[in-house]
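Remember, it's a predicted structure, so these values are computed and weren't measured experimentally.
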Number of protein chains: 2
Amino acid sequence: MSLLEARRIFETYLAAQNLKHSRPRLQVMESFIAAGEHLTAEELHRRVKRKFPHIGVATVYRTLKLMHAGGLCGELKLQDGTTRYEALCGRDHHDHLICTRCGRLEEVVDPDIEALQGKLFKRHGYRPQWHRLELYGLCGSCLKKSAAPGTQEG
Amino acid sequence: MSLLEARRIFETYLAAQNLKHSRPRLQVMESFIAAGEHLTAEELHRRVKRKFPHIGVATVYRTLKLMHAGGLCGELKLQDGTTRYEALCGRDHHDHLICTRCGRLEEVVDPDIEALQGKLFKRHGYRPQWHRLELYGLCGSCLKKSAAPGTQEG
DNA sequence: CTCGATGCAAAGAATTTGCAGTCAC
DNA sequence: GTGACTGCAAATTCTTTGCATCGAG
């Protein structure tokens with residue numbers, strides 16, 4: 001997603017909520033989009049501070065919450081206990097493939113799975129709102145490493 | 001799952017790890033199994049204390065970790081930020097259907113989805129370890145309630 | 001100007017850990 | 001008896017909040 005696009009969406013959201021688009025807010029948002037990764041609040045704070053040293057953690061948390069409320073980012077509570085944020089705006093739903101060794105996080109989509117999930121909701125009398133699917137395993141490169149001598153895992 | 005079955009599995013695990021099956025440990029485990037629900041550590045602690053008032057939180061956390069390591073219970077980091085534990089021993093994998101209104105949590109299985117997930121792993125060069133699928137929506141009874149006058153939701 | 005937003009540091013919530021005493025083996 | 005386990009409370013970690021000050025409109 002482009003920075004400009006994100007900025008437009010963010011500003012639209014802020015305006016709609018009667019919120020100000022303050023400099024720190026935009027700086028956090030821009031750093032987040034520029035990172036293009038799934039970051040924790042702390043990681044984002046470190047990144048933001050590289051360019052804007054004065055910005056505090058609280059602002060990062062507050063801005064992430066705003067962006068989440070505005071649909072600009074998603075919040076992922078992963079199994080390892082961390083909470084990561086991902087850019088969402090203008091993007092379709094996707095699931096996550098996560099390497100338990102190196103932490104690599106890939107976005108994946110499978111329309112067939114999505115369709116079956118919809119049926120599952122219906123079968124149980126639920127109205128779907130959203131879902132999350134996280135697939136944990138070892139990625140190709142970690143598999144190679146674990147095949148190499150000296151490194152192995154159960 | 002029966003309490004006896006759980007106790008056997010738990011004691012087997014403890015023995016295998018050269019751990020002692022102390023009274024507090026078994027009391028926590030029994031309360032957990034007896035509850036038959038998806039509990040948070042704090043909820044379990046409250047429950048345990050009803051029968052065994054002397055038991056501290058730390059023991060509950062420690063025992064949950066043990067049970068998790070022993071495969072007796074699963075740990076669910078839900079989107080609302082809570083961490084819940086569910087009895088697992090002797091049970092097959094399942095996914096979760098969660099009502100965002102009343103918090104109801106149902107266990108569901110769909111073999112077709114499972115199969116597709118396996119393919120997804122393979123397609124991306126991963127070796128599967130485990131996965132989680134959580135489906136969030138409104139359950140039948142909450143849907144009825146929201147249809148009733150006076151209560152509505154987006 | 002007027003409030004909302006910020007940064008700091010202190011408060012909270014959830015979980016872990018250190019330690020002296022207790023208990024299983 | 002001995003070393004692991006326990007309960008307590010203090011420590012950690014992650015996140016939120018209070019408050020004086022700053023800045024957007």
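- Residue A:Arg25 places no side-chain atom within donor-acceptor reach of the base of C:dG4, judged by atom type and a 3.5 Å distance cut-off alone.
- Distance, B:Lys77 NZ to D:dT15 C1': 15 Å, rounded to whole Å.
- A straight line from CD of A:Glu43 to C1' of D:dC14 spans 13 Å, rounded to a whole angstrom.
- Between the P atom of D:dG3 and the CD atom of B:Gln17 lies a distance of 20 Å, rounded to the nearest Å.
- Among the heavy atoms of the strands lying under 4.0 Å from A:Thr83 are primed sugar atoms or P, OP1, OP2 only; no base atom is included.
- Under the rule for a ring-ring contact (aromatic ring centres under 6.0 Å, His included), B:His54 has no partner lying at least two apart in sequence or in another chain.
- Nearest to the side-chain atoms of A:Thr59 among the listed nucleotides D:dT15, C:dG7, C:dG18 stands C:dG7.
- Among the protein residues, B:Lys65 comes within range of the sugar-phosphate backbone only, with heavy atoms under 4.0 Å from sugar or phosphate atoms but none that close to a base.
- Mapped onto DNA chain C by nearest heavy atom, B:Leu19 and B:Glu42 fall at different nucleotides, with B:Glu42 at the one closer to the 5' end.
- Closest approach to the A:Tyr61 side chain among C:dT6, D:dG23, D:dT16 is made by D:dT16 (side chain taken as heavy atoms from C-beta onward).
- When the C1' atom of D:dA24 is taken as reference, atom CG of A:Leu26 falls 11 Å away, rounded to whole Å.
- Each of A:Val57 and B:Ser22 has a nearest nucleotide on DNA chain D; the 5'-most of these lies closest to B:Ser22.
- Residue contacts shown for B:Lys49 are absent, as no nucleic acid heavy atom lies under 4.0 Å away.
- Put simply, the side chain of B:Glu43 gets close to the backbone of B:Thr40: a donor and an acceptor are under 3.5 Å apart.
- Using a 4.5 Å heavy-atom threshold, the side chains of B:Leu64 and B:His68 count as separate.
- Atom C1' of nucleotide C:dA5 and atom CZ of A:Phe10 are separated by 12 Å, given to the nearest angstrom.
- Counting only N and O atoms by type, the side chains of B:Gln129 and A:Tyr136 include no donor and acceptor under 3.5 Å apart.
- Per the geometry, NE2 belonging to A:His45 stands 16 Å off C1' belonging to D:dT13, to the nearest Å.
- Spacing between atom CZ of A:Arg46 and atom C1' of D:dC14 amounts to 13 Å, rounded to whole angstrom units.
- The phosphate of C:dC25 (OP1 or OP2) has a side-chain N or O of B:His21 nearer than 4.0 angstrom.
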_salt bridge (Lys or Arg N to Asp or Glu O under 4.0 Å), that's the test. Do A:Arg91 and A:Glu107 meet it? Break it down for me._
CA-CA 11 Å; A:Arg91 307 177 55 213; A:Glu107 299 177 353; 2.3 Å; yes

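- With rounding to whole Å, B:Glu11 atom CD is found 14 Å from D:dC5 atom P.
- Nearest to the side-chain atoms of A:Arg62 among the listed nucleotides D:dT6, C:dT15, D:dG18 stands D:dG18.
- Across D:dT17, C:dA24, D:dT15, the shortest atom-to-atom separation from the side chain of A:Ala58 is found for D:dT17.
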